[in-house]
Amino acid sequence: MISHKPHRIDKCTSFVQWVVTQVRKEKWSIDACVGYARKHKLFPEEKMVCTKTLYNEIWAGNLSLNVLELPEAIKRKKHHKNKDVNCKFKLDTQRQKNEFHLSHSFG
């Protein structure tokens with residue numbers, strides 16, 4: 001049996017429920033919820049988790065929130081792993097140099 005460190009979020013149920021309510025009803029972001037709760041000391045620090053933990057739990061499917069319910073997840077553009085714009089130019093230039101050297105060396 002594989003043992004793992006227990007999720008800290010399991011000890012923060014009231015905070016997590018508050019965050020879920022704020023996101024759904026008030027359309028707050030996760031970061032806004034965590035910042036507001038810390039600033040106004042709504043929960044003890046040991047009963048809260050950071051923004052990154054909340055996002056990780058949401059993406060893992062461990063919270064009742066859906067990724068599409070998060071305002072920033074919808075606004076963000078999907079990042080594509082595009083090649084450098086100059087990459088084709090660089091390859092063409094290198095190919096031309098190689099062809100030039102080959103044509104002149106066997107000339």
Of all heavy-atom pairs between Asn62 and His7, which one has the smallest distance, and what is that distance?
ND2-CE1, 3.8 Å
For a quick test of reading the model, state the closest non-hydrogen atom pair linking Val34 to Cys50 and the distance between them.
CG2-C, 4.4 Å
Return the orientation label for the Trp18 and Tyr36 ring planes: parallel under 30°, perpendicular over 60°, tilted otherwise.
parallel
Heavy atoms, side chains only, cut-off 4.5 Å: are Ile9 and Leu54 in contact?
yes
Side-chain donor or acceptor of Gln17 paired with backbone N/O of Ser14 under 3.5 Å:
no
How far apart are the closest heavy atoms of Thr13 and Asp10, and which atoms are they?
CG2-O, 3.6 Å
Considering all heavy atoms, the nearest Arg24-Lys27 contact:
O-NZ, 3.3 Å
Check each of Leu63, Leu70, Val67 against Tyr55 using the side chain to side chain contact (heavy atoms under 4.5 Å, CB included) test, and report the only one that passes.
Leu70
Taking all non-hydrogen atoms of both residues into account, name the closest pair between Met48 and Arg8 and its distance.
O-NH2, 3.0 Å
Locate the shortest heavy-atom distance separating Gln22 from Cys33; write the atom from each residue and the value.
CB-SG, 3.6 Å
Indicate yes or no: does Arg38 engage Glu45 in a salt bridge with an N to O separation below 4.0 Å.
yes
Tell me, please, which residues at least two apart from Asn56 pass side-chain contact (heavy atoms from CB on, under 4.5 Å).
Lys52
